[in-house]
Amino acid sequence: MKKILMVLTSHSGMENTDGKTGVWLGEFTDPYYEFIDAGYQVNLASPKGGRPPVDPMSELTEHVTGANRRYNDDEAAKAAFSHTQVLDQIRSDDYDAVFYPGGHGPIWDLAQDNNSGILILDFLDAGKPVAAVCHGPAALISAERQRPGFLKGKIVSAFSNTEETLVGRSGNVPYLLQTKLEELGAEVKTALVPFLSHVEKDGLLVTGQNPLSAGPTAKALIDLLNETASNDKLPEVTPI
């Protein structure tokens, strides 16, 4: 059985406010069940291990997805979420792909986490896909720190500056993710209308723009894994 690693944030604080952040729950549950239903084994990790913080806003009724409701009745999934592995114990050799959900937390911890940056590069160097959604692409910043120039020319999507302003949190973050990725040389593509689903694929890198993009980003990752598996099964041609 193929295995997918999901790396979640351990960071809950916001700047200039008492409000909290963490994992945007639907950005975990939507991809999680896409992977499970496609027959993948899913393991969870985070910088500190244990139960990641959940952004309280993602649990409000208007943001609850079908996958959230399924998760609430899934004791095995809730147990896994409460006992994530510590990230520095993870080896890319044990997995076929890695997925980074968002929530604002990653722009603090995963953007700076050396273990995460090295892990991303290890996956890509081994020909294994890396996917991230919303603020999850902040993890790519750590990969850039490990390998300067990594992001130059990469086509990605991520939570846009416009969306950050519209949700009223642009004053509570250390930087705007779209701007930071562009400063590091990435080309950030987004939907014409804020909050609509948008996914970009650049080689082995799959990125989604916002919470609505979480499921589609997971599906794109599954398609890429299937494509890779099909190529691996192509028969060798013996020269005449």
Side-chain angles (χ1 to χ4, degrees), residues 4 6-36 42 44-84 99-111 131-139 157-174 176-178 190-191 193-199 207-219 221:
I4 294 178
M6 297 185 77
V7 179
L8 306 162
T9 182
S10 294
H11 185 89
S12 64
M14 297 285 283
E15 298 187 359
N16 307 314
T17 177
D18 293 331
K20 296 296 183 182
T21 187
V23 178
W24 191 268
L25 191 58
E27 292 178 27
F28 160 65
T29 59
D30 286 8
Y32 178 82
Y33 287 113
E34 289 290 347
F35 299 143
I36 293 293
V42 180
L44 310 179
S46 62
K48 294 182 180 179
R51 189 180 193 277
V54 174
D55 191 311
M57 288 183 65
S58 70
E59 297 182 291
L60 298 178
T61 302
E62 60 265 32
H63 298 307
V64 171
T65 67
N68 286 16
R69 289 187 285 273
R70 181 176 171 183
Y71 168 78
N72 288 334
D73 295 327
D74 187 339
E75 295 304 321
K78 287 192 287 186
F81 188 81
S82 295
H83 298 89
T84 66
F99 188 99
Y100 286 81
H104 281 79
I107 64 176
W108 281 274
D109 61 353
L110 292 174
V133 67
C134 200
H135 291 86
S157 193
F159 204 61
S160 69
N161 291 352
T162 300
E163 288 168 325
E164 201 72 82
T165 299
L166 290 173
V167 299
R169 288 188 163 183
S170 58
N172 305 133
V173 293
L176 295 174
L177 181 55
Q178 178 181 352
T190 60
V193 179
F195 305 111
L196 290 185
S197 176
H198 186 82
V199 177
T207 47
Q209 181 176 338
N210 47 36
L212 201 61
S213 310
T217 303
K219 290 178 181 177
L221 176 59

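Bear in mind that the values here come from a model prediction, so they are computed numbers and not experimental data. When a residue number appears, it is its place in the shown sequence, counting from 1.
Checking side-chain atoms of Glu27 against main-chain N and O of Gly102 turns up a donor-acceptor pair under 3.5 Å. Using a distance-only test at 3.5 Å, with no hydrogens or angles considered, a donor-acceptor pair links the side chain of Asn16 to the main chain of Gly171. Checking side-chain atoms of Glu59 against main-chain N and O of Val54 turns up no donor-acceptor pair under 3.5 Å. Under a 3.5 Å cut-off, the side chain of Asp55 and the backbone N or O of Gly103 do not form any donor-acceptor pair. Of the possible polar contacts, one joining the Gln178 side chain to the Asn161 backbone as a donor-acceptor pair under 3.5 Å is found. Listed for the Ser12 side chain is no donor-acceptor partner under 3.5 Å among the backbone atoms of Pro53. Remark: the backbone N or O of Ser157 is paired with a side-chain donor or acceptor of Thr207 at under 3.5 angstrom. When atom types are taken as modelled, the side chain of Glu164 and the backbone of Ser170 share no donor-acceptor pair closer than 3.5 angstrom.
Gly50 and Pro52 make their closest contact through O-CD, 3.3 Å (heavy atoms, listed as atom of the first residue, atom of the second, distance). For the residue pair Val23 and Phe28, the shortest heavy atom distance occurs at CG1-CB, 4.0 Å. When all heavy atoms of Val199 and Ser213 are compared, the pair lying nearest together is CG2-O, 4.2 Å. Counting all heavy atoms, side chain and backbone alike, Pro174 lies closest to Ile107 at CD-CD1, 3.9 Å. Of all heavy-atom pairs spanning Gly49 and Ser46, the tightest one is N-OG, 3.0 Å. The minimum heavy-atom distance between Ala214 and Phe99, with the atom names listed, is O-CZ, 4.1 Å.
Leu25 contributes atom CG, which lies 7.0 Å from atom OG1 of Thr65 (distance to the nearest 0.5 angstrom). Phe81 contributes atom CZ, which lies 6.0 Å from atom CG of Leu8 (distance to the nearest 0.5 angstrom). The CE atom of Met57 lies 7.5 Å from the CD atom of Glu62; values are rounded to the nearest 0.5 Å. Distance check: Ser58 OG to Asn68 CG gives 7.0 Å after rounding to the nearest 0.5 Å. The distance from atom NE2 of His11 to atom OG1 of Thr21, rounded to the nearest 0.5 Å, is 7.5 Å. The CZ atom of Phe159 sits 11.5 Å away from the OG1 atom of Thr190 when rounded to the nearest 0.5 Å.
Taking the six-membered ring where tryptophan is involved, the planes of His104 and His135 are tilted, since the angle between them lies from 30° to 60°.
Open room surrounds NE2 on His83; 12 or fewer heavy atoms of other groups in view lie less than 6.0 Å from it.
Between Val167 and Phe195, the closest side-chain pair of non-hydrogen atoms falls below 4.5 Å. Between Thr29 and Arg70, the closest side-chain pair of non-hydrogen atoms is not below 4.5 Å.
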Task: side-chain hydrogen bond (donor to acceptor under 3.5 Å, both in side chains) between Thr17 and Asn172, intermediate numbers included - done: CA-CA 7 Å; Thr17 177; Asn172 305 133; 4.8 Å; no
TODO: Just do the side-chain contact (heavy atoms from CB on, under 4.5 Å) check on Leu221 and Phe35 with the steps written out, would you?
DONE: CA-CA 9 Å; Leu221 176 59; Phe35 299 143; 3.8 Å; yes
Open item on the list: Is there a side-chain contact (heavy atoms from CB on, under 4.5 Å) between Thr9 and Trp108? Walk through the geometry before answering.
Closed with: CA-CA 9 Å; Thr9 182; Trp108 281 274; over 6 Å; no
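Under the side chain to side chain donor-acceptor pair (under 3.5 Å) criterion, Tyr71 pairs with no residue, sequence neighbours left out. When the salt bridge (Lys or Arg N to Asp or Glu O under 4.0 Å) test is applied to Arg69, no partner is found at least two apart in sequence or on another chain. Partners of Lys78 under the salt bridge (Lys or Arg N to Asp or Glu O under 4.0 Å) rule, at least two apart in sequence or in another chain, are Glu75.
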